[in-house]
Amino acid sequence: MLTVEGLRSRYGRIEALHGIDLHIDSGEIVTIVGANGAGKTTLLRCLSGLQPVSGGEIIFRGESIAATPAHKRLGRGLAQSPEGRQIFTNLTVEENLRLGAFLFTDDRVDQDMENAFQMFPILREKRNLAAGGLSGGQQQMLAIARALMGRPSCLLLDEPSMGLAPILVQQIFDVVRSMRDLKVTVLLVEQNAFGALSVADRGYVMETGRITMEGSAGELLADPRVREAYLGI
Amino acid sequence: MPELMQFLLSGVTVGAVYALVALGFTIIYNASDVVNFAQGEFVMLGGMITVFAFEAGLPLPLAALIAIAATAAVGVALNKLAIEPARGAPVVSLIIITIGASIFIRGVTQLVFDKQLHRFPAFTGDEPIRILAATILPQSLWVIAGAVLVFIALWLFFTRTLTGKAVLATSNNRVAAQLVGINTNWVMTLSFALSAAIGALAGVLVTPITLTSYDLGIALALKGFAAAMLGGMGNPKGALVGGLLLGLLEALTAGFISSQYKDAVAFVVILAVLFAMPQGLFGRNAVNRV
Amino acid sequence: EIRIGATVSATGPASFLGDPEAKTLEMLVEEINAKGGVNGEQLKLVLYDDGGDPNKARTFATRLVEDDEVVAIIGGTTTGTTMSIIPVAEDAEVPFISLAGAIEIIDPVKHWVFKTPHTDRMACQKIFEDMKKNAISKIGVISGTDGFGASMHKQCIAVAGDYGIEIAADETYGPQDADMTPQLTNIKGTAGVQAVLNAGFGQGPSIVTRNYSQLAVGVPLYQSHGVASDGFIELAGAKAAEGVRLPGTALLVAGILADGDSQKAVVTEYKAAYEKKTGSAVSTFGGYAHDALRILVDAIGRAGSAEPEAIRDAIEGTSGLVGTTGVVTMSADNHLGLDLSAFRMLEIKDGGWTIIE
Amino acid sequence: MSLLSVEGLGIAFGGLKAVDDVSFSVNPGEIVSVIGPNGAGKTTLFNMISGVYVPRSGRVRLNGEDVTGFSPHLLARRGMSRTFQNLQIFQNMTVLENAIAGFHLSEKGSVLADLFGLPGSRRRSRDARTGARELLARVGLANAAELEAGSLSYGALKRLEIARALALDTKVLLLDEPAAGCNAVETAEIDHLIAEVAASGVAILLVEHDMKMVMRISNHIVVLDHGVKIAEGEPAAVSRDPNVIAAYLGTKTEEPSHAHG
Amino acid sequence: MRLTVKQTTLLVLALLIAVTPFFFPSAFYFRVGSLLFVNGVAVLGIVILTGFAGQISLGHAGFAGIGAYASALAPVHLGLHPAVAAILGAGLSAVVAYVVGRPILRLKGYYLAVASLGFGILVSMVLSNEAWLTGGPDGIAVADLGLRQALKKLGLELSAPEFWYFFCGLCLLVGAWLALNLYDSPTGRALRALHGSEIAASTVGVDVPRAKLQAFVISAVYASASGSLLALQNKFITPDVAGYMHSIELVTMAVLGGAGSVLGAIFGAGILTLLPQVLTVFAEYEQVVLGLVMMLVMIFLREGLLPSLMRQFTGRGA
Ligand SMILES: Nc1ncnc2c1ncn2[C@@H]1O[C@H](COP(=O)(O)OP(=O)(O)OP(=O)(O)O)[C@@H](O)[C@H]1O
Ligand SMILES: Nc1ncnc2c1ncn2[C@@H]1O[C@H](COP(=O)(O)OP(=O)(O)OP(=O)(O)O)[C@@H](O)[C@H]1O
Ligand SMILES: [Mg+2]
Ligand SMILES: [Mg+2]
């Protein structure tokens, strides 16, 4: 589904990714864990096209997309719920969701919106309010729901549980799990490493711009280094 | 009071001119948060190109169409050659680019055409229309109708169409707009084309009243900018109301108080409104939680 | 080679005046050089565009004297630019012929400063003379707030009393205004107004004229010499402009001047040459530059030297020189050398000019 | 007398009562946590206490003084500082300068002294710089001091905000989700930092969704739901409260069973 | 010893001012240099207001107008020495800025821009309408500063352009020194902080309205000083000095050079002062080239000339 080979990226003169290799099979749920500043967000931004790559390849469904502009990647099935939520603060909640399905004009849009409202009922309550007025967690829900509106075949989630109440954190992981049934591939970046590894099939560990470990979720959960460095156990 | 009626008609005429210019600002602003200081040049181009096409023997409507199309092309070129390459630059830098563009366009116009004043005939004659004890020229009605129509079109565009929303989304959060699949470059191009076309339309409508010359744009842009801010930048309703209000203020001040200080009074009122409503009459308060 | 400097407002708010001035200077210098120059030497024109900004004008004047080392300066399209050039010319002791209207430029007389256009005061006097002739004693005035309008306004107020004329209504408009009906409505509403005088240049007077006709004010409208170009009739529309009176120069009516008119040859030649070269209608303002250069060249010729001091003295000695604005005779206490006879009272009839004297 | 006390605080947006009649108090050295579902009104409560919003009803008392509706800089002078859920970083400054800005009140002199670079002004700047470096070291950003703040990762920015808030001679510290975006290990570091600050006598008001952290360090917990206080008390008691479980905690647990150990 | 940014900037400036005259082919270049410095002084004010504090003003020429006309009128009507008049003008500008700034600085972004624009237009309108006092659009003469004559008595004989070159250069140096002091001072940091986030600035104790007002007043004094220098140097002044074109020009200079950096802004002032002189060779194409240059600089050096070049050079910001 998604293969990354030797991916490099830089901010000005400073390289943030020093050659990342990873692959995700269709329908898989893969997570990346790593400390602050490891480069997780930078990697996701490269995948969605927000961040220019300076080397390496991104192959998505058999095609190289490293040079594809960001706005075209959604059309190919790659959607992202970005770090910092990045919602349209001046537009209403409903407009935010509608724009999530910008590429579509069919009837399914209404259905998708209905699903989003069912997933996060608070969004229905606030549908006509400016999204900027939402609480932090509510904005996070909106960002996730908006990404789903794009009908992705591969979903990139950057810390989706951030700022969510425990009850919703569980729900988010349920949503991720449910992607499996919908045959949506998920790449999940999470600081809640335990939660992430619990739903994922496989995982990568990232440190200062490099992948340092990979394995099945179970292996990583059991690995003492992972437990000490990321799970705090 | 027959004078009052005349002042009102004058105010509405001038106000409609300002409103048209102010409406032209809205689209580019809504797409990029940039106040395009070359907007006045679009108005000027609309007038000048029509003049020269008309004098070259084309029928007026055709000349006007050519002017609008050509100006829209200039708008697109401005975006492609100057704004797009500067992507990611701070908003002030973009503003300076538009100021540079306005100087550039003025310079080219003066070379291609000339520095003289020009005018073409009013669309439907110069016979004043009497309203109560006052008169208004038929061309003023064209300008007023133009302002209202452009307003309605823009209002529908921004509230009823997905493309309109995409324009708003682009300025609100460009990164997110790309993530939902909006081709932000295309949105910018579209916005410049539309803004320029509206500007040119304004130029076509107002030239029989205001005359035109290569340097007419600066003053119009300034007044249009003030009108747009009075109404609330980015909101078509604000542009229309702000423009009309500014025109009326000027006319009433010139009529009743002092023609010397009419611009001053207009600005004092704008200041007063902004103190009470820092976002203009119809501007929305951006909600940003901390 | 004789270097002559010029700084005019070819762009900016006064480009309406400065553009024809620049073109005229270039054209005439070319012409003169083609005919062998002055005293056997070619003229070299160093021309700058100050955009109407007095500060820039001063800088260019400094550049002309210090860097380009010119022997004389022509320019200062507006009174503001002229006033800021004067100290430079006086300091550097270089003759300076201004193209601006205000009387302050040459009154009191400054050793190195001359000018070619009539003063604004003379335009007012000419208009008031005509009003007096038509038994008009109470008028409304509307003037532009730019330098031209404000200066002429001031002069007209100052001399109106001399002609027994009362100014009953006094209005202004901004140079870029699009509609003057409120001001004109007020003038129209002022009891007893027998005529209206508009002091201004650029698009203002055209719009005033159109609004005037729209409101059917019904008393004579006088414009100033600021509108003196054929373009005005076209811009205001022949119908609206019908009956408008103004003090103009011979240049405007070159075609209908009496054959014996002393200026006929000069204005006809200039008009033809200018219109051929630029393709646009000749205006009074280009005429000012024409006269300035003629006076300068004449002086250099008579002085037989290109020394600034000698040129200055020769300019002061100009006598009977026929220009587009009139016949110029200067003296130590008159650095203008024109009188009221140089103005002709014109009226627009059937879309063309007529002389009403 | 409590250092910070809140009495009947309330505010509404449109028709929505975002916070309604909430009261509690915080003593020096105490850590009080405010928890509740998303949109319960926690951040809004913070905004009212810290002067960003003016409450529609109720009182805020700081050290006995009624400071309701005071603007933030006046509260800062009285020893209140805070961090933000939506980061408020001075992007146009370096990391170090961000931290120095935290010392504004102690380094501020007269404008003229600053303009003319008088020795007093320079000395105060120097002191602030030294203090700022110490703080950065404390939150683990010593190496990033000279970087532009905009180039830090999210987690690093969170810690920078905490450093900035600690700079002042703080008596009351409001922390809005300080551990968001940090993994378990990083959270534990922040934990220690907060406990340390509290131990030095600062009253701390904390909003956080990481229950492990909240339960571990809070002396007292206030639970909000729909703007209303639905429970309050000791961590252990609150975590057993069925209302709190239903509205907020949920039943399933994602934590490994020995995580609390 | 490593020089600080402040020391380097001042050193570079002082050297430029002192050394370039040796390469001047004619006295005219002193005139251009002095104009550059006069503009530079005003632009420093914009640096403080816009570059540091992030507040836009399109009306600063209004303060230049106040300074210029104070220098013109106070000697005539109050019998003051022109230098005292200039200081009075600066004081008056400060007071006006204080009064006007209080309400308008509550506005943000373009709303502040349009309000300040309105202020500037009001000033220039008064200057050109109240002809009885100001001489109207045609301007008014300004008394001689007399300093040149005084220097002459002391044995230092300078031509007018030379005198103004060095005098304005000195003023610019002092202005730059003050601005640089401010940058790295508590007040300067407070201004830059509120530029980044007003709310965060106020939670660390910055009195945001007051800090903005301070920046506004200081920048108004700079603009006023610039206006006074211009009036005294030209010995003649028109309302153009207060016109909105001049305001926009000042902002453009600052942004073109790099609004956040003192040296950059002076660079910007230099470019927009020199360019018209250079562009005269293009005659009719002058405007076209000027517009083109502005666009190209902003497209390729988007943070302003100097900061962008420094970044290219060192790989990081200046
Ligand atoms: N805009 C930027 N300019 C310069 N450097 C940057 C920028 N954004 C990130 N970096 C640097 O790149 C590296 C990776 O950052 P990134 O945001 O990808 O980390 P992360 O793994 O997502 O961290 P976190 O868990 O804190 O979100 C960090 O060292 C960071 O300082
Ligand atoms: N400025 C505002 N405009 C409109 N509604 C607002 C505004 N501020 C807060 N609200 C509403 O008030 C409620 C409380 O929001 P608040 O941010 O305080 O929640 P919270 O408890 O901090 O939630 P979270 O845990 O998600 O951060 C929300 O429903 C929010 O939409
Ligand atoms: Mg991240
Ligand atoms: Mg919150």
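Per chain, numbering begins at 1; letters A, B, ... match sequence-line order.
Annotation for E:F24: atom CZ counts as buried by contact number, over 12 foreign heavy atoms lying within 6.0 Å. Atom NZ of C:K23 has more than 12 heavy atoms from other residues, nucleotides or ligands within 6.0 Å. At most 12 non-hydrogen atoms from other residues, nucleotides or ligands lie less than 6.0 angstrom from NZ of E:K152. By the 6.0 Å contact criterion, CD on C:E309 is enclosed, its count of non-hydrogen atoms from other residues, nucleotides or ligands being greater than 12. Atom CD of C:E307 has 12 or fewer heavy atoms from other residues, nucleotides or ligands within 6.0 Å. Heavy-atom contacts from other residues, nucleotides or ligands closer than 6.0 Å to CZ of E:F267 number 12 or fewer.
Heavy atoms closer than 4.5 Å to chain C are found in both the backbone and the side chain of E:A27. Interface remark: E:L230 contributes side-chain atoms only to the contact with chain C (heavy atom separation under 4.5 Å). In this structure, the portions of C:S84 lying under 4.5 Å from any heavy atom of chain E include both its backbone and its side chain. Only the side chain of E:Y29 comes within contact range of chain C, with at least one heavy atom under 4.5 Å from a heavy atom of that chain.
Comparing C:A102, C:G147, C:P87 by heavy-atom pairs within less than 4.5 Å of chain E, the highest count is held by C:G147. For the options E:Q277, E:Q287, E:E286, heavy-atom pairs under 4.5 Å to chain C are most numerous at E:Q277. Among C:T79, C:T59, C:D49, C:T62, the residue making the largest number of heavy-atom pairs under 4.5 Å with chain E is C:T59.
The two residues C:F60 and E:T280 have their closest heavy-atom pair at CE2-CG2, 3.5 Å. Nearest heavy atoms, E:F28 versus C:E66: N-CB, 3.5 Å. For the residue pair C:G80 and E:T238, the shortest heavy atom distance occurs at CA-CG2, 4.1 Å.
Separating the CE atom in C:M83 from the CD1 atom in E:I237 is a distance of 13.5 Å, to the nearest 0.5 Å. In this structure, E:D138 CG and C:D120 CG are separated by 8.0 Å, a value rounded to the nearest 0.5 Å. Considering OG1 of E:T273 and NZ of C:K56, their distance stands at 10.5 Å, rounded to 0.5 Å. Atom NZ of E:K235 is separated from atom CD1 of C:I86 by 13.0 Å, given to the nearest 0.5 angstrom.
No hydrogens or angles considered: a donor-acceptor pair under 3.5 Å links the side chains of C:D67 and E:S26. Between the side chains of C:N55 and E:N234, at least one donor N or O lies within less than 3.5 Å of an accepting N or O.
Between C:T145 and E:P137 there is no side-chain heavy-atom pair separated by less than 4.5 Å.
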